[in-house]
Amino acid sequence: MALRYYTFTVKEVPYTKLCSTKNILTVNGQFPGPILKVYKGDTIYVTVRNRASENITMHWHGVEQPRNPWSDGPEYITQCPIRPGSDFTYKVIFSVEDTTIWWHAHSSWSRATVHGPIFIYPRLPKALPFPKPDHEVPLVLGEWWKQDVREVVEEFTRSGGAPNESDAFTINGHPGFLYPCSKSDTFELAVEKGKTYRIRMVNAAMNTIFFFAIAKHRVTVVSADGHYTKPIKSTYITISSGQTLDVLLHANRNPKRTRTYYMLARAYHSNPMIGFNNSTTIGILRYISSNNDTKTSTSLSSSKRYPKLPPYNDTSAAFRFLGNIRSLYSGLVPLKITRRIFTTVSINLLPCDPNNSCVGPNGTRLAASMSNISFVTPSHVDILKAYYYHISGVYGTRFPDVPPLVFNYTAEEQPMFLVTPRLATEVKKLEYGEAVEVVIQGTSLGAIDHPMHLHGFSFYVVGAGLGNFNESQDPSTYNLHDPPYRNTATVPKNGWVTIRFVANNPGVWFMHCHFDRHQTWGMNVVFIVKNGRGIDQQILPPPPGLPPCY
């Protein structure tokens, strides 16, 4: 098998959108970044050349990286950052991933513009589990700020408040003609009647779950988060930040009636008390003719060319779609659980420094937590190096199996002592080979949905529900036959989700909310999976050229 090498040059490039120009971080000058195309089981090497003015790291989202946390990428979790003017070569080991995943920066908020898809193909003679489409199309949903994203981060971390909302959503980097100065900055997909298009979707937005639909067309979902699913047809989709979907679009409309239909994406947002971008990004689906016939009928009214999306706060619609997704393969869920973890996710408040004035409620600073611990990211050495080289004082090992405070997690009114979390860098150690079940309970403390992403693993989403998790009743509702196999699971507002996986990937692996504002505030934990006994059950040695820590 031939080794393949890629070069990602990170640099600042001016881009003009929404009537204004700013410099953004890009990979090879592109936004979104280049598509990586690999075959299942490949190992590739990607040299990241940092030619920007800020630190950078790169994460291969959905790549399990067996035994290789050194190339996973989250800043100060598995590596120190690549400094300006420096290079680092990532070894990216593909294994069980089958379909579409993605890559993105994992330092501060640089992933806002530093991201791109990864297309995985079956190794011949393995066939696709669905008819081969005629074409494939990347469709990356994102967010755009007119302000420099670094300034957005600096402002809200200094003030203690919430970050400024984005000014636009984008499809493949294009806001669409509903936004100012964007008539010519609209994504367009040309299709021919009778052909099938595989749309490889990525939600690269920083803080948004999307509803998405195409007028007068149903799509067929065939994979989620890099793994095949049983085909399901739908008139709309729900895709959380960090997730990917492969959907088949059958171009079956009559172009003699109309050639143009619109695709829309807008936020699903369950708590109107928390501000969000309530705008809509639009793209164009245009039928073309192979005989260059340019006549276009207008018999279909313009309003019917817009799809109907669920209301922005339609939780039942959002989770009906997510709940319909099933793994293509059955009977693979771990049944005998050896480690159970119950954790809560909350938005919290911290007292402000007496010398500062914070803009959170009652002069406080906003924070976030898991099990009432607000994660403090190390700043001088990463957790992986500290673990591997036995460096003390970097992290603690007291992340609990159950929250330190048990209360009515979804009650409307909560006592004030629950609001303030403990600031700490705590990890959870797992024995190699343990069958792990994690119940993630959302609370009414800043109640909103949370897309929780786990590095180093995909997991089975065996159950989800609203209200407080009931240990004696809710497990009876689990799907242990064909639950979706994902890397990012959405915890509903004031609800819970249960995931299962086998801890057979030794290393240091980050788990966090994929809303970057919540990650910045501390809704994170680190799992350390210990080495097993066999040589193939142990962390690979560190690669040469790891970025130094200071």
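Values in this document were obtained by computation on a predicted structure and should not be read as measured data. Basis for what follows: all heavy atoms, side chains included, without hydrogens, waters or symmetry-related copies.
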- Message: Between Tyr329 and Tyr485, does the ring pair (Phe, Tyr, Trp, His ring centres under 6.0 Å) criterion hold? Intermediate values first, please.
- Response: CA-CA 9 Å; Tyr329 307 112; Tyr485 193 48; 9.7 Å; no
- Met370 and Phe375: CA distance, side-chain angles, deciding distance, side chain to side chain contact (heavy atoms under 4.5 Å, CB included) verdict: CA-CA 8 Å; Met370 295 182 67; Phe375 186 86; over 6 Å; no
- Message: As a quick check of understanding, evaluate side chain to side chain contact (heavy atoms under 4.5 Å, CB included) for Tyr460 and Leu332, giving each step before the final call.
- Response: CA-CA 9 Å; Tyr460 293 98; Leu332 301 177; 3.1 Å; yes
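- The closest donor-acceptor contact from the side chain of Tyr15 to the backbone of Phe31 lies under 3.5 Å.
- Side chains of Ser444 and Asn494: a donor-acceptor N/O pair is absent below 3.5 angstrom, by distance only.
- At least one donor-acceptor pair closer than 3.5 Å links the side chain of Asp167 to the backbone N or O of Lys146.
- Between Met201 and Thr100, the closest side-chain pair of non-hydrogen atoms is not below 4.5 Å.
- Using a 4.5 Å heavy-atom cutoff, the side chains of Gln243 and Pro451 are not in contact.
- Side-chain contact between Ile383 and Thr425 is present, with at least one heavy-atom pair separated by less than 4.5 Å.
- Salt bridge status for Arg326 with Asp482: present, with a side-chain N to carboxylate O gap under 4.0 Å.
- Among all heavy-atom pairs drawn from Phe321 and Ser234, the shortest one is CD1-OG, 3.9 Å.
- Between the Ser374 side chain and the Trp521 main chain, a donor and an acceptor come within less than 3.5 Å of each other.
- A donor-acceptor distance shorter than 3.5 angstrom exists from the side chain of Asp225 to the backbone of Thr488, with no hydrogens or angles considered.
- The backbone N or O of Ser71 lies less than 3.5 Å from a partner atom in the side chain of Trp60, making a donor-acceptor pair.
- Interatomic distance, Trp145 CH2 to Asn164 CG, rounded to the nearest 0.5 Å: 9.0 Å.
- Under the 4.5 Å side-chain criterion, counting only non-hydrogen atoms from C-beta, Val438 is not in contact with Met452.
- For the residue pair Asn277/Ser279, the side-chain donor-acceptor check at 3.5 Å is satisfied.
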- Message: Let's go through His227 and Val96 carefully: what are the C-alpha distance in whole Å and the side-chain angles of both, what is the deciding distance for side chain to side chain contact (heavy atoms under 4.5 Å, CB included) to 0.1 Å, and is it a yes or a no?
- Response: CA-CA 8 Å; His227 301 284; Val96 299; 3.9 Å; yes
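- Counting heavy atoms from C-beta on, the side chains of Phe501 and Leu454 come closer than 4.5 Å.
- Between the side chain of Gln441 and the backbone N or O of Phe469 there is at least one donor-acceptor pair closer than 3.5 Å.
- Judged by a 6.0 Å distance limit and a 45° cone about the ring axis, Arg517 is not positioned over the six-membered ring of Phe156.
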- Task: For ring pair (Phe, Tyr, Trp, His ring centres under 6.0 Å), just list the numbers for Tyr179 and Trp144, CA-CA rounded to whole Å, side-chain angles, deciding distance to a tenth of an Å, and then say yes or no.
- Result: CA-CA 11 Å; Tyr179 293 104; Trp144 183 268; over 10 Å; no
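- Not a single donor-acceptor pair under 3.5 Å links the side chain of Tyr197 to the backbone N or O of Leu189.
- The distance from the CH2 atom of Trp102 to the CG atom of Asn203 is 7.5 Å, given to the nearest 0.5 Å.
- Closest heavy-atom contact between Gly442 and Val491: N-CG1, 3.7 Å.
- In this structure, Ser371 and Phe342 approach most closely via the heavy-atom pair OG-O, 4.1 Å.
- Heavy atoms only, all atoms of each residue included: Ser166 and Glu143 are closest at OG-OE1, 2.7 Å.
- Judged by distance alone, the side chain of Lys493 and the main-chain N or O of Asp449 form no donor-acceptor pair under 3.5 Å.
- The side-chain heavy atoms of Thr57 and Tyr90, taken from C-beta on, include a pair separated by under 4.5 Å.
- Within the 3.5 Å criterion, the main-chain N or O of Leu25 finds a donor-acceptor partner in the side chain of Thr113.
- No hydrogens or angles considered: nothing links the side chains of His174 and Thr186 as a donor-acceptor pair under 3.5 Å.
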- Query: Does the side chain to side chain donor-acceptor pair (under 3.5 Å) test come out yes or no for Asn348 and Ser369, once each step is laid out?
  - Reply: CA-CA 7 Å; Asn348 303 95; Ser369 66; 2.7 Å; yes
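- Counting heavy atoms from C-beta outward, Asn313 and Pro311 have side chains that approach closer than 4.5 Å.
- Here OG1 of Thr280 is found 8.5 Å from CD1 of Ile282. Values are rounded to the nearest 0.5 Å.
- We find that Glu154 and Arg150 are not joined by a salt bridge, their nearest charged nitrogen and carboxylate oxygen being 4.0 Å or further apart.
- In this model, no donor atom of one side chain and acceptor atom of the other lie less than 3.5 Å apart for Thr238 and Tyr268.
- Residues Asp72 and Thr78 have side chains that never bring a donor and an acceptor to within less than 3.5 angstrom of each other.
- Between Thr208 and Ser241 the shortest side-chain heavy-atom distance does not fall below 4.5 Å.
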- Task: Apply side chain to side chain donor-acceptor pair (under 3.5 Å) to the pair Thr315 and Ser270, showing each step before the final yes or no.
- Result: CA-CA 6 Å; Thr315 296; Ser270 58; 5.0 Å; no
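- The side chain to side chain donor-acceptor pair (under 3.5 Å) with His455 is formed by just one residue from the set His512, His61, Glu64; it is His512.
- Considering OG of Ser223 and CZ of Arg486, their distance stands at 9.0 Å, rounded to 0.5 Å.
- The two atoms that bring Pro231 and Thr220 nearest to each other are CB-CG2, 3.8 Å, heavy atoms only.
- If you take OG1 on Thr498 and CG on Asn479, they are separated by 12.0 Å, rounding to the nearest 0.5 Å.
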- Derivation and outcome, side chain to side chain contact (heavy atoms under 4.5 Å, CB included), residues Asn207 and Asp516: CA-CA 6 Å; Asn207 297 298; Asp516 276 46; 4.2 Å; yes
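- Between Lys40 and Asp98 there is a salt bridge, with a side-chain nitrogen of the basic residue lying less than 4.0 Å from a carboxylate oxygen of the acidic one.
- Considering all non-hydrogen atoms of both residues, Ala224 and Leu245 come closest at CB-CD2, 3.7 Å.
- No hydrogens or angles considered: a donor-acceptor pair under 3.5 Å links the side chains of Thr490 and Ser240.
- Arg111 places no side-chain N or O within 3.5 Å of a backbone atom of His104 that could act as its donor or acceptor partner.
- Note that CG of Leu366 and OG1 of Thr157 are 12.0 Å apart. Values are rounded to the nearest 0.5 Å.
- Neither side chain, Thr244 nor Asp246, offers a donor N or O lying under 3.5 Å from an acceptor on the other.
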